[in-house]
Amino acid sequence: MVNKSSEGAASRLIYGFHAVSAKLRHAPEAVFEVYLSGDRKDARVKKFVAAAEAAGVKLVPSEGDRLDAMVGTRRHQGVVARIDATRRELKLVDVLDGLDENALILVLDGVQDPHNLGACLRVADAAGAHAVVAPKDRAVGLNATAVKVASGAADTVPYITVTNLARSLREMREAGVWVVGAAGEAEKSVYQVEQKGPLAWVLGAEGDGLRRLTRETCDELAQIPMHGSVESLNVSVASGICLFEARRQRSL
């Protein structure tokens, strides 16, 4: 979904409050304009408008039908932004700053299959995760296949790549985020982990699981109880179980 701005720079569309708000905080100069539905008047929208205006970003009032047509889905939450397509860098601190609820982060330790990455992004979007974090090396990256499988979630959930995953996990812990690694040999189950506070779920690569240093950097480990004959689950399925258990606990 790439066009040309009036200034001649390549642009693309992103949508949803998480993705657009993070871009406004981290790189407002990369946001050409924001299309905003007038249907919502709540505090979240007012805060968003104030941030866009403070950043000097043009706001374009738009009908919901127009936004639907622009991005091909109704899951835009009433906000679409046209941004510089050549700039994709985003840091986790930019996502965490300004959250109005406890953080819920999905961390993928070396996922190699683009179909699995795309499916994980879809799961993260459905569960309302605030970001997906992955290492730059020994991981597939957000390629065309992953974006296609994500079915729009690549533009609604910030995807953050880091040079050193263990260091990033330590930084999350220092920021007050509880880091839980999914591991089949763990004694505690996913249902026994307290998940109401700021939380990051860390899941490993297909077949290999968490790397040693990643495992050692987590605050605790938990396993998904398996009741059948298979020994493990696809990483996107496992991500869904973990993230939705967090949402279940937070709804109590």
Side-chain angles (χ1 to χ4, degrees), residues 18 22 90 92-93 95-96 99 101-113 116-135 138-140 142 146 150 153-154 156-162 164-226 232-252:
H18 291 325
L90 191 64
L92 183 60
V93 65
V95 175
L96 295 178
L99 285 181
E101 63 176 337
N102 286 329
L104 181 58
I105 309 298
L106 175 62
V107 181
L108 301 175
D109 184 18
V111 171
Q112 301 286 340
D113 187 334
N116 281 342
L117 173 57
C120 285
L121 285 165
R122 291 186 67 181
V123 166
D125 175 271
H130 300 112
V132 173
V133 178
R138 286 177 282 187
V140 63
L142 196 59
T156 57
V157 182
Y159 180 71
I160 300 165
T161 56
V162 297
N164 187 313
L165 184 59
R167 182 172 63 215
S168 295
L169 293 177
R170 288 192 292 269
E171 291 172 351
M172 288 185 210
R173 293 171 63 182
E174 292 170 0
V177 177
W178 190 251
V179 178
V180 185
E185 74 278 9
E187 295 184 3
K188 183 180 290 188
S189 85
V190 60
Y191 308 115
Q192 296 171 315
V193 175
E194 169 59 52
Q195 301 188 49
K196 294 184 178 181
L199 179 75
W201 267 108
V202 189
L203 283 88
E206 304 86 355
D208 297 327
L210 299 176
R211 289 178 290 174
R212 180 187 60 80
L213 188 56
T214 302
R215 184 189 308 263
E216 293 174 355
T217 310
C218 294
D219 287 301
E220 66 176 323
L221 301 176
Q223 48 93 2
I224 298 173
M226 305 293 289
S232 64
L233 296 170
N234 174 279
V235 64
S236 64
V237 174
S239 297
I241 293 171
C242 296
L243 293 176
F244 276 97
E245 172 59 16
R247 282 299 175 194
R248 186 194 68 82
Q249 291 189 22
R250 295 175 184 201
S251 69
L252 298 177

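In this text the structure is predicted, and so the values were computed from the model without any measurement.
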Nearest heavy-atom approach of R215 to L221 is CG-CD1, 3.7 Å
Given the options L169, L213, V235, L165, D109 meets side-chain contact (heavy atoms from CB on, under 4.5 Å) only with L165
Do N102 and L199 come close enough that some side-chain heavy atom pair is under 4.5 Å?
-> no
Kindly say whether A246 contributes a backbone atom to a donor-acceptor pair with the side chain of Q249 at under 3.5 angstrom?
-> no
Any side-chain heavy-atom pair from W178 and M172 closer than 4.5 angstrom?
-> no
Are any side-chain N or O atoms of E220 and backbone N or O atoms of V193, one a donor and one an acceptor, separated by less than 3.5 Å?
-> no
Quick one: closest heavy-atom pair of R211 and P135, and the distance?
-> NH2-CG, 4.1 Å
4.5 Å side-chain heavy-atom contact, L108 and C120 | yes
Side-chain donor or acceptor of H130 paired with backbone N/O of L104 under 3.5 Å | yes
At what distance, to the nearest 0.5 angstrom, does CG of L121 lie from CG of L106?
-> 8.0 Å
Kindly give the heavy-atom pair with the smallest separation between A205 and G110, and that separation in Å.
-> CB-O, 3.0 Å
May I ask you to decide if Q195's main-chain N or O and R250's side chain share a donor-acceptor pair within less than 3.5 Å?
-> yes
Evaluate whether atom CD of E101 has more than 12 neighbouring non-hydrogen atoms of other residues, nucleotides or ligands under 6.0 angstrom away.
-> yes
Using the test side chain to side chain contact (heavy atoms under 4.5 Å, CB included), find all partners of A182 that sit at least two apart in sequence or belong to another chain.
-> W201, L203
Would you indicate whether the side-chain heavy atoms of V133 and Y159 approach each other to under 4.5 Å?
-> no
Quick one: does T217's side chain get under 4.5 Å of V179's, heavy atoms only?
-> no
Qualifying side-chain hydrogen bond (donor to acceptor under 3.5 Å, both in side chains) pairs, either residue in residues 164-174, two or more places apart = R173-D219
Do the side chains of V111 and S236 get nearer than 4.5 Å, heavy atoms only?
-> no
What pairs meet the salt bridge (Lys or Arg N to Asp or Glu O under 4.0 Å) rule with one or both residues in residues 191-205, with sequence neighbours excluded?
-> none
Could you pull out the closest heavy-atom pair between V123 and S239, with the gap in Å?
-> CG1-C, 3.9 Å
Smallest separation among heavy atoms of L243 and A127, with atom names = CB-CB, 3.7 Å
Verify the neighbour count for atom CZ of R138: are there more than 12 heavy atoms of other residues, nucleotides or ligands below 6.0 Å?
-> no
Is a side-chain donor or acceptor of Q223 paired with a backbone partner of E185 at a separation under 3.5 angstrom?
-> no
So do the side chains of T214 and V107 get within less than 4.5 Å of each other, counting heavy atoms only?
-> no
Find out whether N116 and N234 are in side-chain contact, i.e. whether some heavy atom of one side chain is under 4.5 Å from a heavy atom of the other.
-> yes
